[in-house]
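In what follows, a structure is listed as structure tokens, so that the remarks can point back to it.
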Amino acid sequence: MKITINNNGDIYSGPWGFLAQVIVLTLAVILTTYFLPDTIVRVDSLPTAILTAVVIALLNNFIRPILIVLTLPFSIVTMGLFVFIINAVIIMLASSLVPKFHVNGFGGALLFSLLLTAVNYLLEIPNRMMRRPKYQHSDKPVHDSHTDDDGFTPYEEIKDDTE
């Protein structure tokens, strides 16, 4: 007996997608803490970075959509810039949940979230390139029995008989 969790053939969804997200986010957390001084953000060890990535991924998947819906008027007024505040709140929540992950204040959380977003985007580029749809280029025009020489579907002319 074979149990199929995901039948659409997308290997990036489901538990494997979450695992890939955590791995990329762990690398992003490590690189971001490398670029920022210890006075702003500090991750004590690799297991702490992994736990931080798991907590941020879970908060992004479950809490962030609720916060976005609740603060939709602010996001509309600020033309989407309020999402940066939501990201900083997510980082502050992660900092309070993970014991050895320390962020110095809201400004540090905002700076960390901005840099983390940029690093995460750069690390996700290969994944996006692999998931991009493949287009087939052909020099030959498509000839079908229902199309004319230019590839357009034939149409029927309507004549006005009232003249």
Side-chain angles (χ1 to χ4, degrees), residues 1-138 142 153:
M1 179 174 175
K2 181 179 179 184
I3 299 173
T4 304
I5 296 173
N6 183 359
N7 197 16
N8 63 2
D10 187 12
I11 63 172
Y12 299 106
S13 63
W16 295 113
F18 182 76
L19 181 65
Q21 181 183 8
V22 167
I23 291 170
V24 170
L25 197 54
T26 301
L27 290 173
V29 165
I30 291 169
L31 288 173
T32 304
T33 55
Y34 177 75
F35 291 126
L36 293 175
D38 286 342
T39 57
I40 294 177
V41 64
R42 188 176 73 237
V43 176
D44 291 343
S45 63
L46 179 63
T48 303
I50 294 170
L51 182 62
T52 301
V54 168
V55 168
I56 290 173
L58 288 173
L59 290 173
N60 278 340
N61 286 335
F62 295 111
I63 303 298
R64 188 171 186 262
I66 296 169
L67 289 176
I68 287 175
V69 169
L70 290 176
T71 61
L72 191 60
F74 296 112
S75 294
I76 291 172
V77 169
T78 62
M79 294 181 286
L81 293 177
F82 196 77
V83 174
F84 294 126
I85 304 299
I86 293 172
N87 289 343
V89 168
I90 294 292
I91 298 300
M92 295 284 290
L93 281 171
S95 175
S96 66
L97 293 173
V98 178
K100 295 181 180 181
F101 172 60
H102 304 284
V103 177
N104 187 13
F106 185 78
L110 184 62
L111 183 62
F112 180 76
S113 70
L114 289 172
L115 194 56
L116 182 71
T117 302
V119 170
N120 194 23
Y121 177 78
L122 291 175
L123 290 175
E124 280 283 332
I125 288 175
N127 187 18
R128 292 173 195 214
M129 296 297 283
M130 288 182 354
R131 291 191 300 173
R132 188 174 53 178
K134 306 280 190 261
Y135 296 106
Q136 295 179 350
H137 298 287
S138 175
V142 177
T153 306

- request: Please tell me if the side chains of Ile86 and Thr71 come closer than 4.5 Å, counting only heavy atoms from C-beta onward.
  value: yes
field: Test item: Ile90 and Leu67 side chains (from C-beta on) under 4.5 Å apart, heavy atoms
entry: yes
message: Determine whether Leu111 and Ile40 satisfy the following criterion, side-chain contact (heavy atoms from CB on, under 4.5 Å), listing intermediate values before the conclusion.
response: CA-CA 9 Å; Leu111 183 62; Ile40 294 177; 3.8 Å; yes
- prompt: Is Phe82 close to Leu72 at the side-chain level, that is, under 4.5 Å between some pair of heavy atoms?
  reply: no
query: How many angstroms lie between atom CD1 of Ile23 and atom CG of Leu27, to the nearest 0.5 angstrom?
result: 8.0 Å
message: Would Ile91 and Leu116 count as a side-chain contact (heavy atoms from CB on, under 4.5 Å) here? Give the steps.
response: CA-CA 10 Å; Ile91 298 300; Leu116 182 71; 4.1 Å; yes
message: For a quick test of reading the model, state the closest non-hydrogen atom pair linking Ala49 to Val43 and the distance between them.
response: N-CG1, 3.6 Å
- request: Kindly check if the number of other-residue, nucleotide or ligand heavy atoms within 6.0 Å of CZ (Phe74) is above 12?
  value: no
- request: Of all the heavy-atom pairs spanning Ser113 and Ala88, show the shortest one and how long it is.
  value: OG-N, 3.9 Å
Pair up each side-chain donor or acceptor in residues 50-66 with any protein partner under 3.5 Å, not counting sequence neighbours, and list the distances.
residue : atom : partner : partner atom : Å
Thr52   : OG1  : Thr48   : O            : 2.6
Asn60   : ND2  : Ile56   : O            : 3.4
Asn61   : ND2  : Ala57   : O            : 3.3
Arg64   : NE   : Asn87   : OD1          : 3.0
Arg64   : NH2  : Asn87   : OD1          : 3.3

message: Taking the side chain as everything from C-beta on, heavy atoms only, tell me whether Tyr121 gets closer than 4.5 Å to Thr117.
response: no
- prompt: If you round to the nearest 0.5 Å, how far is CZ of Phe101 from OG of Ser45?
  reply: 12.5 Å
- request: For Met92 and Gly105, work out which heavy atoms get closest and say how close.
  value: SD-O, 3.6 Å
Where Leu123 and Ala28 come nearest, the two heavy atoms and their spacing: CD1-N, 3.6 Å
- prompt: Rounded to the nearest 0.5 Å, how far does OG1 of Thr33 lie from CG of Leu31?
  reply: 7.5 Å
- request: For residues Leu25 and Asn120, determine if any side-chain heavy atom of one lies less than 4.5 Å from a side-chain heavy atom of the other.
  value: yes
